[in-house]
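In the text below, chain A, chain B and the rest are named by the order of the sequence lines, each starting its count at 1. Everything numeric in this text was worked out from a predicted model, so none of it was measured.
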Protein chains: 2
Amino acid sequence: MVTPEKTVERLSLYRRLAEEMLREGKMSVFSHQLAEMAGVTSSQVRRDFMFIGTQGRANTGYNTKELKAGIDQFLVSHEPDGVALVGIGNLGRAVLAFFHGRRPNLIIKACFDKDPDKIGRIIHGCRVYSIEDMASVLLSEKINIAIIAVPRAFAQETAEKLIQAGVNGIVNFAPVPLNVPGNVYVDNVDFTMSLEKVAHFARKQKIVSEI
Amino acid sequence: MVTPEKTVERLSLYRRLAEEMLREGKMSVFSHQLAEMAGVTSSQVRRDFMFIGTQGRANTGYNTKELKAGIDQFLVSHEPDGVALVGIGNLGRAVLAFFHGRRPNLIIKACFDKDPDKIGRIIHGCRVYSIEDMASVLLSEKINIAIIAVPRAFAQETAEKLIQAGVNGIVNFAPVPLNVPGNVYVDNVDFTMSLEKVAHFARKQKIVSEI
DNA sequence: ATAACAGCGTTATACTTTTCACAATTATAG
DNA sequence: CTATAATTGTGAAAAGTATAACGCTGTTAT
Ligand SMILES: NC(=O)c1ccc[n+]([C@@H]2O[C@H](COP(=O)([O-])OP(=O)(O)OC[C@H]3O[C@@H](n4cnc5c(N)ncnc54)[C@H](O)[C@@H]3O)[C@@H](O)[C@H]2O)c1
Ligand SMILES: NC(=O)c1ccc[n+]([C@@H]2O[C@H](COP(=O)([O-])OP(=O)(O)OC[C@H]3O[C@@H](n4cnc5c(N)ncnc54)[C@H](O)[C@@H]3O)[C@@H](O)[C@H]2O)c1
């Protein structure tokens, strides 16, 4: 069965909400509560859970711990996924800081940059390697996911090197569409697009609300 | 007429592709060329253009300059939109550097932080103000769009202050859903979600391609 | 000229995703 | 133990998106 992309996105959010509840000692949660927190409908939440098979109980809801574990297993594999980060500039460093120690089975295990000054350093617990060493490091660290944070002109060649070295999932921060084979999944995170989208709909909403 | 969110996203991409072509001296482009570059079908491209009314010509395609101008006007208003950035930490600074000088009518005009050491400084051409001055600065700079890059615990209160001060469009980098009135448009940029989505589909694709 | 072709604009069709609605299930109170 | 109320799981309907199809327009070649 093919899980819709939107469902996967929401699952990621539900997982964090469940995590937060666990921290607060909340042992169970209803679909309508998750719905309110996530900003969706309760049907949507239950429908999304059909894809992961997590079961709730009428009048009791979903067990927070089970829910978190269920989503976790569904999203990320049972054995931890290694992640590589290419391009340790302004954004790369921020990303590294952000993910450091955050997600137990989705860890940035190696960084790559072409700047000789950065190679060999350890930033936020992560070693920076030369891009020449990409293939061997990815193999030895069992890395199959990568984050691209290099200047746009180098994004495509970086993607190709990564794929060559066995990567089949990429988060791309460079503002260019990547040309990749069909068995590689790419998510483009595009700040310009986000801002322009907001600019557009903010304006539309103003017009609507003024009528 | 309501433009689908996905269409708006693609338009942002087409605009940049048109921009790039202009730089390369390419005066016109066919829908199937844009389609290939954007990774969509040519029908999709022509369909998307129906929303902005941009016209092409059989056998000639779309005039690159007209196309760029048309999308520009559709996405962002004719009079430049002012943008505020709240939270000048690792991510905030990277974002500021990224947008600086990039987009003529979508400019970050004011930054806000609560750290006294940062207030008063000018970073990438942008003055950092105290959050106390938010309402007055937003009014005087005619800002109605904001980027939130404060720690998650402060995201909701920051959103409320911004909305209070007249903002009706927000790009939210904090990994929490914001609770906002219906006339405010929010786009959540969620790195964790992106990475988990990639982890999920990368794994699925591997399984599929192994069959 | 005009035939042959290429590509746009749009309508119709197919597909995907969300919402609705309700039977089945479980907790709780009397 | 039974009635009541609350909440789940899911089929069916609706809404939202993407693709296909095709008439029309403009270009090129003969
Ligand atoms: N800064 C932001 O907030 C932001 C936002 C959205 C997108 N982006 C995009 O992310 C990318 C990086 O942005 P940045 O602001 O960090 O830029 P940056 O210039 O600060 O950093 C780029 C880094 O990549 C390294 N690099 C260059 N070529 C390389 C190569 N071929 N292989 C490996 N490393 C290489 C450089 O040495 C540098 O460390 C750019 O494509 C940018 O458009 C940045
Ligand atoms: N660093 C990343 O790559 C990254 C990625 C995704 C999301 N985020 C999110 O973006 C936000 C910022 O991340 P960061 O890494 O820049 O954090 P950071 O700690 O480096 O920076 C936070 C900044 O916000 C300021 N601040 C704190 N409270 C404030 C308030 N109430 N009003 C105004 N300013 C305030 C701080 O003074 C600081 O300058 C966080 O919510 C984080 O989860 C960061």
Side-chain angles (χ1 to χ4, degrees), chain A residues 1-14 17-18 21 26-67 70-71 74 177 182 185 193 197 200-201 204, chain B residues 1-14 17-18 21 26-67 70-71 74 177 182 185 193 197 200-201 204:
Chain A
M1 183 170 30
V2 183
T3 315
E5 206 163 295
K6 284 278 179 68
T7 291
V8 174
E9 294 181 2
R10 285 188 297 264
L11 285 169
S12 168
L13 179 53
Y14 303 149
L17 292 171
M21 284 174 191
K26 224 167 165 266
M27 291 314 289
S28 68
V29 63
F30 297 127
S31 60
H32 68 262
Q33 296 176 310
L34 280 167
E36 181 168 2
M37 290 183 282
V40 298
T41 65
S42 63
S43 315
Q44 181 80 84
V45 171
R46 296 198 299 277
R47 171 73 56 192
D48 287 338
F49 288 172
M50 283 181 70
F51 289 97
I52 55 173
T54 300
Q55 301 248 324
R57 299 180 58 181
N59 249 313
T60 309
Y62 300 86
N63 178 288
T64 340
K65 205 167 166 181
E66 259 178 44
L67 180 61
I71 300 178
F74 179 80
Y185 183 86
M193 196 208 72
K197 194 165 66 166
H200 174 76
F201 286 113
K204 287 282 145 170
Chain B
M1 184 170 31
V2 183
T3 316
E5 204 162 299
K6 285 279 178 69
T7 292
V8 174
E9 293 181 3
R10 285 188 297 264
L11 285 169
S12 168
L13 179 54
Y14 303 147
L17 293 171
M21 284 174 191
K26 224 166 165 270
M27 291 315 289
S28 67
V29 63
F30 297 127
S31 60
H32 69 260
Q33 296 176 310
L34 280 167
E36 180 167 3
M37 290 184 280
V40 298
T41 64
S42 63
S43 305
Q44 181 79 85
V45 172
R46 296 198 300 277
R47 202 83 173 47
D48 286 338
F49 288 172
M50 282 182 70
F51 290 96
I52 55 173
T54 301
Q55 302 249 324
R57 299 179 58 182
N59 250 312
T60 309
Y62 301 86
N63 178 289
T64 340
K65 205 166 167 181
E66 258 177 44
L67 181 61
I71 301 178
F74 179 80
Y185 183 85
M193 195 208 73
K197 193 165 66 167
H200 174 76
F201 286 113
K204 286 284 146 168

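Annotation for B:Thr64 and B:Lys26: closest pair OG1-O, 2.8 Å, computed over non-hydrogen atoms.
Residue A:Arg47 has no polar side-chain atom (N or O) positioned under 4.0 Å from OP1 or OP2 of D:dA12. Side-chain nitrogen and oxygen atoms of B:Ser31 include at least one within less than 4.0 Å of the OP1 or OP2 phosphate oxygen of C:dC8.
Evaluation of the side chain to side chain contact (heavy atoms under 4.5 Å, CB included) rule for A:Ala35 yields A:Val40, A:Ser42, A:Val45 as partners, not counting sequence neighbours.
If you measure from atom CE of B:Met50 to atom P of D:dT19, you get 16 Å, rounded to the nearest angstrom. The NZ-C1' distance, from B:Lys6 to C:dC15, rounds to 13 Å in whole Å. One interatomic measurement links the two molecules: NE2 of B:His32 to P of C:dG9, which rounds to 14 Å at whole-angstrom precision. In this structure, A:Leu67 places its CG atom 11 Å from P of D:dG9, rounding to the nearest Å. In this structure, B:Glu5 atom CD and C:dT16 atom C1' are separated by 16 Å, rounded to whole Å. Between the CG atom of B:Leu34 and the C1' atom of C:dG7 there is a distance of 13 Å, rounded to whole Å. Computed from coordinates, the A:Asp48 CG to D:dT10 P distance equals 14 Å when rounded to whole Å. Look at CZ on B:Phe51: it is 13 Å from C1' on C:dG9, rounded to the nearest Å.
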Contacts under 3.5 angstrom, residues 49-57 of chain A side chains, donor-acceptor by atom type, not counting sequence neighbours:
none

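For the pair B:Ser43/B:Arg46, a side-chain contact is recorded, criterion being any heavy-atom separation below 4.5 Å from C-beta on.
Using a 4.0 Å heavy-atom criterion, one finds that A:Phe49 contacts no nucleic acid atom at all. Counting non-hydrogen atoms under 4.0 angstrom, B:Thr41 reaches the backbone sugars and phosphates but no base.
Exactly one of A:Leu67, A:Thr60, A:Asn63 qualifies for a side-chain contact (heavy atoms from CB on, under 4.5 Å) with A:Val29. That residue is A:Leu67.
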**Asked** When you look at B:Tyr14 and B:Met37, which way does the side chain to side chain contact (heavy atoms under 4.5 Å, CB included) test go after all the steps?
**Response** CA-CA 9 Å; B:Tyr14 303 147; B:Met37 290 184 280; over 6 Å; no

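Each of A:Gln44 and B:Phe30 was assigned the nucleotide of DNA chain C with the nearest heavy atom; the assignment lying further toward the 5' end belongs to B:Phe30.
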**Asked** What string of B, S and - do you get for nucleotides 24-30 of chain C, 5' to 3', when a contact is any protein heavy atom under 4.0 Å?
**Response** -BBS---

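Using a 3.5 Å distance cut-off with no hydrogens or angles, the side chains of A:Thr7 and A:Asp48 do pair a donor with an acceptor.
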